Amino acid sequence: MQDTGFTVIAVALDADEDAVREWASKEPLTIPVLIDKFQVVADLYGFVNVPAAIWIDENDKIVRSADGTPGSDLFRSFSHVDSAVHHNLLRSWVRNELRDLDDAQVRQFQLLPTQDLQVARLHRRIAIALRDRNTKDDLAGAEKHLQLAEDLAPYDWTIRRGNMPLRGVDPFGEKFFEFVGEWSQAGRPGYQLGTGRDPN
């Protein structure tokens, strides 16, 4: 797709820069990978989990709002989403300028943050800044702010799942699946997958 002017940029929503470098160099990736440790891009464009994608045209217009779009079928058993669906929609837009969502539908799927979510994101940023200072008191303060973020936004995936590695917890392990269970029981709030709609 190089002759189309189409560009893919990856943004890692990780606070651990070394971990990002490690996975980005395994393939190795041939696209730019930005590290967004404070999740600024996620906040600006409404990402609630990864993997997710947003489509922006040559006029800086969002033509598909952020939603869960797996690049492969690695986690298909969990997401129940066929990555080929997204790939075909993307090809249709890039090659033929055909969109599956019009502007009104794009706006409909753009989730605006609540006041609690905005404050929760601020607490998470404070926690990461304190962790970077790496003193005993700062690490204790970081944990306090991580917990405040989770209390304010208990079903936000970027916060709950993003906090797990900061605490030494496997983001695909038992605690993650406990969170998924809580989120499911709460009615699966806020998360979009595959087509700008709720997963499964």
Side-chain angles (χ1 to χ4, degrees), residues 6-25 29-71 86 90 101 103 106-135 138-139 141-169 171-172 176 179 183 189-194 196:
F6 176 69
T7 303
V8 175
I9 299 172
V11 180
L13 305 181
D14 293 86
D16 185 341
E17 296 175 24
D18 292 333
V20 174
R21 287 186 184 92
E22 181 181 341
W23 68 254
S25 61
L29 296 179
T30 58
I31 60 173
V33 179
L34 308 178
I35 300 174
D36 184 15
K37 67 190 290 182
F38 292 106
Q39 298 187 349
V40 174
V41 172
D43 292 352
L44 288 173
Y45 292 107
F47 289 100
V48 296
N49 196 9
V50 294
I54 188 167
W55 303 356
I56 302 173
D57 72 11
E58 62 275 13
N59 299 310
D60 297 328
K61 177 181 177 181
I62 296 171
V63 296
R64 188 174 178 87
S65 54
D67 68 358
T69 50
H86 173 72
L90 184 59
L101 301 176
D103 289 347
V106 170
R107 282 190 294 278
Q108 177 186 352
F109 289 121
Q110 289 175 318
L111 301 176
L112 297 177
T114 64
Q115 178 72 24
D116 281 348
L117 180 54
Q118 289 177 310
V119 174
R121 289 171 173 169
L122 177 60
H123 280 294
R124 189 169 191 281
R125 286 186 179 125
I126 292 169
I128 292 167
L130 288 171
R131 282 177 52 87
D132 284 352
R133 289 173 34 170
N134 202 27
T135 69
D138 288 333
L139 292 176
E143 175 54 35
K144 174 184 172 186
H145 284 283
L146 289 176
Q147 190 58 55
L148 286 168
E150 291 186 9
D151 292 344
L152 286 165
Y155 304 116
D156 184 90
W157 287 59
T158 58
I159 290 174
R160 287 288 299 274
R161 187 172 169 218
N163 285 358
M164 289 178 188
L166 298 176
R167 292 173 162 152
V169 174
F172 294 105
F176 168 69
F179 163 63
W183 166 77
Y191 185 71
Q192 301 167 337
L193 185 64

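Only this structure's heavy atoms are used, side chains among them; waters, hydrogens and symmetry mates stay out. Just so it is clear, the model here is predicted, and its values are computed rather than measured.
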Inset, instruction - Can you see which heavy atom on Ala12 is nearest to which on Val33, and at what distance? - result: CB-CG1, 4.5 Å
Legend entry - Straight-line distance of Asp103 CG to Ile62 CD1, nearest 0.5 Å: 11.0 Å
Inset, instruction - Dump the intermediate steps for side-chain contact (heavy atoms from CB on, under 4.5 Å) on Phe109 and Asp67, then the final yes or no. - result: CA-CA 9 Å; Phe109 289 121; Asp67 68 358; over 6 Å; no
Legend entry - Straight-line distance of Leu152 CG to His123 NE2, nearest 0.5 Å: 5.5 Å
Legend entry - side-chain contact (heavy atoms from CB on, under 4.5 Å) evaluation trace for Ile128 with Gln39: CA-CA 10 Å; Ile128 292 167; Gln39 298 187 349; 6.0 Å; no
Inset, instruction - For the residue pair Asp18 and Glu22, establish whether any side-chain heavy-atom pair is separated by less than 4.5 Å. - result: no
Name the atoms and distances for all side-chain donor-acceptor pairs under 3.5 Å in residues 51-59, with sequence neighbours left out.
unit_1 : atom_1 : unit_2 : atom_2 : d
Asp57  : OD1    : Asn59  : N      : 2.8
Asp57  : OD1    : Asp60  : N      : 3.2
Asp57  : OD1    : Lys61  : N      : 3.0

Legend entry - Over all atoms of both residues, closest heavy-atom pair of Leu139 and Asn134: CD1-OD1, 3.7 Å
Legend entry - NZ/NE/NH1/NH2 to OD/OE distance under 4.0 Å, Asp43 and Arg124: no
Inset, instruction - To the nearest 0.5 Å, tell me how far Arg107 CZ sits from Leu112 CG. - result: 12.0 Å
Legend entry - Within-4.5 Å side-chain heavy-atom neighbours: Leu90 and Arg64: no
Inset, instruction - Mind listing the closest non-hydrogen atom pair of Gln110 and Ser65 along with its distance? - result: CG-CB, 3.5 Å
Legend entry - Closest contact, heavy atoms only, Met164 versus Phe176: CE-CA, 3.5 Å
Legend entry - Non-hydrogen side-chain atoms of Arg131 and His145 separated by less than 4.5 Å: no
Legend entry - Polar side-chain atom of Asp36 near backbone of Val41 as donor-acceptor pair, under 3.5 Å: yes
Inset, instruction - Answer with yes or no after comparing the ring centroid distance for Phe47 and Trp157 against a 6.0 Å cut-off, counting only values under it. - result: no
Legend entry - Side-chain heavy-atom pair Lys37, Asp132 within 4.5 angstrom cut-off: yes
Legend entry - For Arg125 against Phe38, the heavy-atom pair lying closest together: NE-O, 2.8 Å
Legend entry - Arg167 atom CZ, over 12 foreign heavy atoms within 6.0 Å: yes
Legend entry - Distance-minimising heavy-atom pair for Leu117 and Ile159: CD1-CD1, 4.0 Å
Legend entry - Side-chain donor/acceptor of Arg160 to backbone N/O of Phe179, under 3.5 Å: no
